[in-house]
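Remarks on the structure that follows.
Just so you know, these numbers come straight off a predicted model, no measurement behind them.
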Amino acid sequence: MSERTKVKIITPESNTLKALRLKTGLSLRELAKVMNQSFSRVHQFESGREDITENYIKQFLEATKLTQEDWNFELSETDEFHELRKKCIQRIGEIEGTKLEIIYGMLANL
């Protein structure tokens, strides 16, 4: 094991890899297979135990059929924004059905 893999450094890029993978519905093992990489290697990038290269990002985007624009958008969102989005989604899940149409109308007009 290299010295770098012993150190966990969570970066915006590693968080973006995980967020986009989850949005595509792929598990780490499924992504590794699609990328023709080992599970360990894919996990190291996502968990902050490996420096993320431009080449890896390119391979990741090709494997997940995402674009550079998808990457840039996800990367630019802050942790606070992600947390607020989670809170909004949770709150919507708590709203009674009769009020959802009103909420949808408000959202559709934004």
Can you tell me how the ring of Phe45 sits relative to the ring of Tyr56, calling it parallel under 30°, perpendicular over 60° and tilted otherwise?
parallel

Are Leu110 and Ile89 grouped together when hydrophobic residues (ILVMFWY) are joined by side-chain heavy atoms under 4.5 angstrom apart?
no

State, with a plain yes or no, whether a side-chain heavy atom of Thr16 is found less than 4.5 Å away from one of Trp71.
yes

Gap separating the OG atom of Ser38 from the CD atom of Gln44, nearest 0.5 angstrom
7.0 Å

Residues forming a ring pair (Phe, Tyr, Trp, His ring centres under 6.0 Å) with Phe39, sequence neighbours excluded:
His43

Do Ile9 and Asp51 have side chains that approach each other closer than 4.5 Å (heavy atoms only, starting at C-beta)?
no

Listing request: all salt bridge (Lys or Arg N to Asp or Glu O under 4.0 Å) pairs with a residue in residues 55-70, at least two apart in sequence or in separate chains.
none

Residues in side chain to side chain contact (heavy atoms under 4.5 Å, CB included) contact with Asn55, at least two apart in sequence or another chain
Thr53, Gln59

Considering only residues two or more places apart or on different chains, which pairs with a residue in residues 97-108 satisfy side-chain hydrogen bond (donor to acceptor under 3.5 Å, both in side chains)?
Glu96-Thr98

Just list the side-chain donor-acceptor pairs under 3.5 Å for residues 21-35, sequence neighbours left out, or say none.
{"unit_1": "Arg21", "atom_1": "NE", "unit_2": "Glu46", "atom_2": "OE1", "d": "2.7"}
{"unit_1": "Arg21", "atom_1": "NE", "unit_2": "Glu46", "atom_2": "OE2", "d": "3.3"}
{"unit_1": "Arg21", "atom_1": "NH1", "unit_2": "Leu26", "atom_2": "O", "d": "2.8"}
{"unit_1": "Arg21", "atom_1": "NH2", "unit_2": "Glu46", "atom_2": "OE2", "d": "2.7"}
{"unit_1": "Lys23", "atom_1": "NZ", "unit_2": "Glu74", "atom_2": "OE1", "d": "2.6"}
{"unit_1": "Thr24", "atom_1": "OG1", "unit_2": "Arg21", "atom_2": "O", "d": "2.6"}
{"unit_1": "Ser27", "atom_1": "OG", "unit_2": "Arg29", "atom_2": "N", "d": "3.4"}
{"unit_1": "Ser27", "atom_1": "OG", "unit_2": "Glu30", "atom_2": "N", "d": "3.0"}
{"unit_1": "Ser27", "atom_1": "OG", "unit_2": "Glu30", "atom_2": "OE1", "d": "3.4"}
{"unit_1": "Glu30", "atom_1": "OE1", "unit_2": "Ser27", "atom_2": "N", "d": "2.8"}

Contacts of Ser14 meeting side chain to side chain donor-acceptor pair (under 3.5 Å) (sequence neighbours excluded), chain-then-number -> Thr11

Please enumerate all residues that pass side chain to side chain contact (heavy atoms under 4.5 Å, CB included) together with Ile102, with sequence neighbours excluded.
Met106

In the structure I gave you, are the side-chain heavy atoms of Ile95 and Ile103 within less than 4.5 Å of one another anywhere?
yes

Residues that Asn72 engages under side chain to side chain donor-acceptor pair (under 3.5 Å), provided they are two or more places apart
Gln68

Nearest heavy atoms of Leu17 and Phe60, plus distance in Å:
O-CZ, 3.5 Å

